[in-house]
Amino acid sequence: MKNLAILGATGSIGGSTLEIVRNNPEKLRVRVLTGGKKWPQLAKQALEFKPDLVVIADKNAYGDLKKALAGSSIRVEAGNEAVIAAVNLEPLDAVVAAIVGAAGLQPVMAAVEKGLQICLANKETLVVGGSLVMQAIKKAGVNLLPVDSEHSAIFQCLQNSPENSLSKIIITASGGPFRTFSREQMLAVTPEQALKHPNWDMGGKITIDSATLMNKGLEVIEAHWLFDVDYDNIEIIVHPQSIIHSLVEFSDGSVIAQLGWPDMRLPIQYALSWPQRWAPPLPALDLARVASMTFEQPDMSRFACLAYAIEAGRAGGIMPCVLNAANEVAVAAFLKRQIGFIEIPALIRKTMDSFKNQPAASISQLLEIDVQAREKASAMLTNGMN
Ligand code: NAD
Ligand code: MG
């Protein structure tokens with residue numbers, strides 16, 4: 001029996017994780033659930049899964065959540081500090097890190113320091129703090145299991161491969177809803193259009209990141225840290241059907257891929273079952289139904305976010321943290337209709353250009369840079385983009 005803390009339980013990954021738990025009650029037990037703001041949903045989840053502790057990040061929701069769980073023996077806490085401290089509950093074996101954005105970094109660091117297994121969906125943790133997070137993980141000797149479908153695919157391809165046999169990682173990208181749009185068409189893109197992903201059903205922020213291809217850029221940085229691969233040896237290929245989740249090329253030229261329906265339940269379950277494999281959480285892949293798989297080069301000029309993310313990853317230091325913070329501000333502004341779709345990369349570019357790079361020295365330094373980058377990006381929004 002694995003005792004779980006699910007951070008970001010009320011989100012898309014959180015909900016799919018609970019479905020895996022529901023189907024495997026003899027293997028998984030929920031001890032901690034955390035949510036951001038949606039207290040009714042968190043209360044409903046808590047009443048079903050009966051954790052020892054629930055935490056809501058939004059302190060204003062504490063009273064409502066507490067009232068909804070009155071009469072149960074579930075402990076209720078609120079606030080960002082309580083989310084970070086939630087991983088200290090006993091007994092815990094693993095954490096599913098499914099908070100969105102840089103807000104997920106500190107809870108993951110706390111879980112690593114506690115020696116818990118990390119099932120990582122929150123890619124921003126590795127984008128912002130990659131070198132420091134990986135150092136802490138090595139020091140603590142904990143297992144870091146990728147939930148992101150591409151990284152789960154690579155991880156699965158690498159099982160039982162000899163040391164130093166990996167020569168290249170090939171990350172697939174759906175290309176998002178605007179893959180075939182011209183620059184002119186992109187000028188008129190609305191949040192509603194961008195929130196409709198052709199293959200995946202996900203939270204709002206990552207859906208916009210998938211439309212700008214920032215998501216793929218963040219995934220390149222994530223892969224660099226997870227698999228210790230140079231940026232020169234990470235390739236991106238657009239594969240609109242999202243059936244091949246990624247590939248690995250080995251030193252003898254052989255390429256191995258992992259396939260499946262575009263559904264996060266399988267990668268989530270594998271992170272929880274590893275090194276075992278459990279009963280399938282979805283219907284079997286049917287290649288005749290897939291019929292064809294196609295591949296094309298990504299267009300970095302129409303999707304500048306991808307180029308900026310790779311640039312920031314290669315630069316290292318604080319740059320990926322700046323990129324990520326600017327992106328979070330830009331995506332939120334786009335969703336609020338304060339800026340247009342193609343102004344997302346423009347705001348990120350300007351914010352990156354306003355920072356002088358420096359080495360990533362500590363998590364507290366990065367948290368400060370994160371705040372500064374958000375302030376700069378927000379100020380540029382207020383003062384106009386030009
Ligand atoms: P989501 O928006 O659906 O859910 C995010 C969760 O985090 C919610 O529970 C929300 O309440 C919580 N949250 C948000 N801000 C918070 C804060 N400041 N403090 C504490 N909790 C907070 O997002 P999602 O789509 O489930 O994605 C979660 C993470 O997983 C992201 O990093 C995303 O990139 C990654 N991911 C998601 C998918 C997917 O299919 N959804 C696939 C791969 C990776
Ligand atoms: Mg992914």
Side-chain angles (χ1 to χ4, degrees), residues 5-19 32-42 45 54-59 61 65 77-87 96-108 110 118-128 146-155 171-176 195 197 199-210 213-223 226 236 239 242 244-246 258 260-268 271 309 324 327-328 331-332 335 367 370 374:
I6 304 177
L7 311 179
T10 55
S12 163
I13 293 287
S16 298
T17 304
L18 287 171
E19 223 182 297
V32 177
L33 291 174
T34 81
K37 289 195 173 87
K38 293 184 193 156
W39 67 266
Q41 194 186 345
L42 190 58
Q45 293 176 338
V54 295
V55 184
I56 187 105
D58 177 10
K59 282 189 174 165
L65 182 61
E77 291 180 8
N80 294 328
E81 293 305 317
V83 172
I84 298 167
V87 297
V96 177
I99 290 175
V100 61
L105 174 61
Q106 282 182 288
V108 168
I118 312 291
C119 303
L120 187 75
N122 176 234
K123 63 193 85 188
E124 294 91 344
T125 282
L126 285 179
V127 170
V128 174
V147 167
D148 213 345
S149 58
E150 296 78 1
H151 306 75
S152 175
I154 295 161
F155 183 67
I171 301 182
T172 52
S174 72
L195 282 169
H197 195 277
N199 304 341
W200 297 93
D201 181 12
M202 309 178 288
K205 190 255 180 187
I206 184 178
T207 305
I208 302 304
D209 286 351
S210 300
L213 293 204
M214 174 57 85
N215 184 51
K216 213 42 59 179
L218 301 180
E219 289 183 353
V220 167
I221 301 175
E222 182 185 16
L226 274 173
I236 300 161
H239 162 45
S242 299
I244 296 183
H245 297 310
S246 278
Q258 187 262 346
W261 295 121
D263 189 310
M264 287 308 294
R265 285 173 294 180
L266 193 48
I268 293 169
N324 178 73
N327 182 53
E328 289 192 33
V331 169
L335 288 173
L367 294 173
D370 174 73
R374 281 167 205 269

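Whatever order the structure lists ligands and atoms in, that order sets their numbers, starting from 1. Numbers here are sequence positions counted from 1.
Ion pair Lys59/Glu77 not flagged as a salt bridge, since none of the NZ, NE, NH1 or NH2 atoms sits closer than 4.0 Å to an Asp/Glu carboxylate oxygen.
Separation of atoms CG (Leu226) and CG (Leu120) is listed at 7.0 Å; rounding is to 0.5 Å. To the nearest 0.5 angstrom, Leu213 atom CG is 8.5 Å from Asn215 atom CG. Taking CD1 of Ile244 as the start and OG1 of Thr172 as the end, the distance is 7.5 Å to the nearest 0.5 Å.
For a distance threshold of 2.8 Å, the protein N, O or S atoms nearer than that to the Mg ion (ligand 2), listed by chain and number, are Asp148 OD1, Glu150 OE1, Glu219 OE2.
By the 4.5 Å heavy-atom criterion applied to side chains, Ile236 and Val220 are counted as neighbours. With contacts defined as side-chain heavy-atom distances shorter than 4.5 Å, the pair Leu18/Leu33 qualifies. Using a 4.5 Å cut-off on side-chain heavy atoms (C-beta onward), Ser242 and Trp261 make no contact.
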Between ligand 1 and the protein, tabulate every N or O atom pair separated by less than 3.5 Å, reporting distance only.
{"unit_1": "ligand 1", "atom_1": "3 (O)", "unit_2": "Ser12", "atom_2": "N", "d": "2.9"}
{"unit_1": "ligand 1", "atom_1": "9 (O)", "unit_2": "Gly8", "atom_2": "O", "d": "3.2"}
{"unit_1": "ligand 1", "atom_1": "9 (O)", "unit_2": "Thr10", "atom_2": "N", "d": "3.3"}
{"unit_1": "ligand 1", "atom_1": "9 (O)", "unit_2": "Thr10", "atom_2": "OG1", "d": "2.7"}
{"unit_1": "ligand 1", "atom_1": "9 (O)", "unit_2": "Gly11", "atom_2": "N", "d": "3.1"}
{"unit_1": "ligand 1", "atom_1": "11 (O)", "unit_2": "Thr10", "atom_2": "OG1", "d": "3.2"}
{"unit_1": "ligand 1", "atom_1": "11 (O)", "unit_2": "Gly36", "atom_2": "N", "d": "2.7"}
{"unit_1": "ligand 1", "atom_1": "25 (O)", "unit_2": "Gly203", "atom_2": "N", "d": "2.9"}
{"unit_1": "ligand 1", "atom_1": "26 (O)", "unit_2": "Ser12", "atom_2": "N", "d": "3.1"}
{"unit_1": "ligand 1", "atom_1": "26 (O)", "unit_2": "Ile13", "atom_2": "N", "d": "2.9"}
{"unit_1": "ligand 1", "atom_1": "30 (O)", "unit_2": "Ala121", "atom_2": "O", "d": "3.4"}
{"unit_1": "ligand 1", "atom_1": "32 (O)", "unit_2": "Asn122", "atom_2": "ND2", "d": "3.4"}
{"unit_1": "ligand 1", "atom_1": "32 (O)", "unit_2": "Glu124", "atom_2": "OE1", "d": "2.6"}
{"unit_1": "ligand 1", "atom_1": "41 (N)", "unit_2": "Ser12", "atom_2": "OG", "d": "3.3"}

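Exactly one of Glu219, Glu222, Glu150 qualifies for a side chain to side chain donor-acceptor pair (under 3.5 Å) with Lys123. That residue is Glu219.
Counting only N and O atoms by type, the side chains of Ser152 and His245 include no donor and acceptor under 3.5 Å apart.
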